[in-house]
Structures are given as structure tokens and as C-alpha cells.
Amino acid sequence: MIREFGGTDIVYLIEAARWTLLLALTATVGGGLLGIVVAVLRVIPFKPLNWLAIAWINLIQGTPLLGQLFVFFFGLPLVGLSVDAWTAAALSLSIYASAFFGEIWRGSLQSVSQRQWEAGAALGLTYAQRLGHVVLPQAIRISVAPTVGFLVQLVKNTSLTALIGFVELTRASQIISGATFAPLPVYLTAAAIYFVICFSLSQLARMLERRLHVAR
């Protein structure tokens with residue numbers, strides 16, 4: 001029996017959006033922690049570690065996120081490691097995010113003038129002190145806009161996890177569309193929810209930029 005798209009379905013989509021947000025948040029935390037390591041390995045003056053970080057970035061950025069999702073969801077069970085859709089989605093998105101966060105933050109660190117490093121050295125600061133007290137505060141301010149820009153992409157990329165059966169906003173839209181045979185209003189509603197999430201992130205970025213520039 002075909003039913004009409006109604007208020008109950010909209011509530012279901014909004015509830016499904018919390019999994020979109022939770023997945024994006026998990027990937028942000030996991031990818032952020034790993035991204036810090038990648039960024040540091042890219043800038044420290046030790047070539048083998050620089051090459052290791054570059055290889056990681058090229059591997060992750062050079063392969064599609066969908067392929068990485070399939071590797072975790074279908075590949076790990078082949079070696080005896082059974083994972084559910086949530087675990088596969090969280091792992092693949094975190095690793096995907098780490099390569100981009102690493103490059104964004106590496107670029108922010110290296111965009112700080114070399115003279116800042118030299119001034120810190122002239123004051124007798126160690127490498128760690130120059131990084132933590134002189135360079136990082138400036139790099140963080142520079143990185144706000146590109147970091148939030150990538151977070152918006154990350155939220156939208158969570159829709160790919162619908163292909164491994166994880167019920168987030170896009171997968172919930174597919175389910176409702178199949179039950180109501182009304183794909184247009186269903187996907188328009190889902191698009192509106194994505195827009196609210198992403199627009200809110202963009203506004204948050206602008207607010208952070210204003211505050212950080214005021215504190216300069």
C-alpha cells in the first residue's frame with residue numbers, strides 16, 4: 001500500500017539527521033587527532049617522516065571515499081574482522097578526513113612567516129616552544145576557514161555511507177521514497193536539512209574568524 005509523504009516522515013528524516021551529525025562529529029574528532037600527527041610529520045625537519053606523511057596523504061586523497069568505505073565494510077570480513085556499517089563508516093571517514101586535515105593544517109603552519117621562527121630562535125626558544133607559543137596561534141587563525149570548509153564537505157560525504165546500509169539522512173530518504181513513491185518532496189526535504197546543517201557550520205566559521213581577528 002502506497003501512503004503519502006507527511007509530517008511523520010519529516011520527523012523521521014530529522015531524527016536520521018542526528019546520525020549524519022554524529023558520524024561527521026566522530027570523523028572530525030578521529031580525523032582531527034590523526035590529522036595533527038600528519039601535519040606535524042609533514043613539517044618537522046626529518047625527511048623520512050616527511051615522506052611517510054606525504055605517502056599517506058597521496059594514498060588517501062588519491063583514492064575515492066566510496067572505495068575506502070567498501071574496503072572497510074567488505075574487505076575486513078575477508079580477513080576475519082567483522083565490522084558493522086557504523087564502524088566501517090566511522091573508520092573510513094576518519095581516515096579520509098585525516099589526510100585533508102593534515103594538509104590544511106600543514107599549509108597553515110607553513111604560511112606563518114619564517115621570520116616568526118627566526119625571531120623565536122633569537123629569543124632562545126626551543127623548537128617546541130616556537131611551535132607552541134609563536135607559530136601555532138597564528139596557524140590556527142589561518143586554518144579556521146579551510147577547516148570549516150572541509151567540515152561542510154565531510155557532512156555531505158556522509159551520504160555515501162547509505163551505500164553500505166548505514167541509516168543516516170540519505171538512507172532514510174531512500175527508505176521513505178520507496179514507501180511513498182514521492183522522491184521529489186522527500187529529497188527536497190533532505191536537501192533542506194543538509195542546507196541547514198552546512199549553512200550553520202559556515203556561519204560558525206565566520207563568527208570564529210571575527211573573534212580570532214579581534215583577538216589578534
Side-chain angles (χ1 to χ4, degrees), residues 13-42 53-54 56-76 83-109 111 139-174 187 189-209 212:
L13 288 175
I14 293 173
E15 289 178 347
R18 74 182 189 277
W19 293 109
T20 294
L21 288 171
L22 186 59
L23 183 56
L25 179 62
T26 302
T28 299
V29 174
L33 292 174
L34 192 51
I36 292 172
V37 176
V38 173
V40 171
L41 293 182
R42 283 282 281 118
I54 291 171
W56 174 263
I57 291 166
N58 288 336
L59 174 66
I60 301 303
Q61 292 190 350
T63 53
L65 175 58
L66 185 59
Q68 295 165 22
L69 269 172
F70 286 166
V71 165
F72 279 102
F73 190 66
F74 297 112
L76 289 181
V83 294
D84 55 21
W86 163 261
T87 304
L91 282 174
S92 56
L93 281 169
S94 295
I95 289 173
Y96 174 78
S98 72
F100 287 89
F101 281 141
E103 271 300 80
I104 290 170
W105 296 338
R106 187 274 307 166
S108 300
L109 286 169
S111 66
I140 289 173
R141 184 165 52 237
I142 295 168
S143 69
V144 169
T147 298
V148 176
F150 176 72
L151 287 179
V152 170
Q153 296 300 318
L154 192 61
V155 169
K156 291 186 284 189
N157 282 337
T158 59
S159 61
L160 290 175
T161 62
L163 296 175
I164 59 172
F166 182 66
V167 184
E168 41 65 66
L169 183 53
T170 297
R171 179 61 183 149
S173 303
Q174 292 172 343
Y187 286 109
T189 304
I193 296 173
Y194 276 117
F195 173 77
V196 169
I197 295 171
C198 295
F199 183 73
S200 300
L201 280 174
S202 300
Q203 293 304 305
L204 176 63
R206 290 192 178 93
M207 184 184 72
L208 284 174
E209 282 185 289
L212 288 172

**Asked** Does any non-hydrogen side-chain atom of Y194 lie less than 4.5 Å from one of T20?
**Response** yes
**Asked** Is there a donor-acceptor contact under 3.5 Å linking the side chains of W56 and S98?
**Response** yes
**Where S94 and A27 come nearest, the two heavy atoms and their spacing** = OG-CA, 3.5 Å
**Request:** Report yes if the side chains of S173 and L13 come closer than 4.5 Å at any heavy-atom pair, otherwise no.
**Result:** yes
**Request:** Check whether any side-chain heavy atom of Q68 lies under 4.5 Å from a side-chain heavy atom of I60, and answer yes or no.
**Result:** yes
**Fill in**
Of all heavy-atom pairs linking L169 and A190, the shortest is CD2-O, 3.7 Å
**Request:** May I ask you to decide if V83's main-chain N or O and T87's side chain share a donor-acceptor pair within less than 3.5 Å?
**Result:** no
**Asked** Does any non-hydrogen side-chain atom of L69 lie less than 4.5 Å from one of L163?
**Response** no
**Fill in**
Scanning both residues in full, the closest heavy-atom pair of G31 with A97 reads CA-CB, 4.1 Å
**Minimum side-chain heavy-atom gap V148-L204 below 4.5 Å** = no
**Request:** Assess the side chains of E168 and S159: does a donor N or O sit below 3.5 Å from an acceptor N or O?
**Result:** no
**Prompt:** Within a reach of under 6.0 Å around CZ of F199, are more than 12 heavy atoms found that belong to other residues, nucleotides or ligands?
**Reply:** no
**Message:** Any heavy-atom pair between the side chains of N157 and Y96 that's under 4.5 Å?
**Reply:** yes
**Asked** Which atom names give the shortest non-hydrogen contact between R106 and A39, and what distance separates them?
**Response** N-CB, 3.9 Å
**Request:** Could you grab the distance from atom CD1 of I95 to atom OG1 of T63, nearest 0.5 Å is fine?
**Result:** 10.0 Å
**Message:** Looking only at side-chain N and O atoms, does Y187 offer a donor or acceptor that is under 3.5 Å from a partner on T170?
**Reply:** no
**Prompt:** Would T147 and W105 count as having a side-chain donor-acceptor pair, cut-off 3.5 Å?
**Reply:** yes
**Request:** Rounded to the nearest 0.5 Å, what's the gap from OG1 on T161 to CZ on R171? Could you check?
**Result:** 10.5 Å
**Asked** Closest heavy-atom contact between S92 and A89?
**Response** OG-O, 3.2 Å
**Asked** Relative to the ring of F101, is the ring of F150 parallel (under 30°), tilted (30 to 60°) or perpendicular (over 60°)?
**Response** perpendicular
**Asked** Quick one: does L23's side chain get under 4.5 Å of F166's, heavy atoms only?
**Response** yes
**Complete:** The reported gap from CG in L91 to OG1 in T26 (rounded to nearest 0.5 angstrom) is 10.5 Å
**Message:** Any heavy-atom pair between the side chains of T28 and L93 that's under 4.5 Å?
**Reply:** no
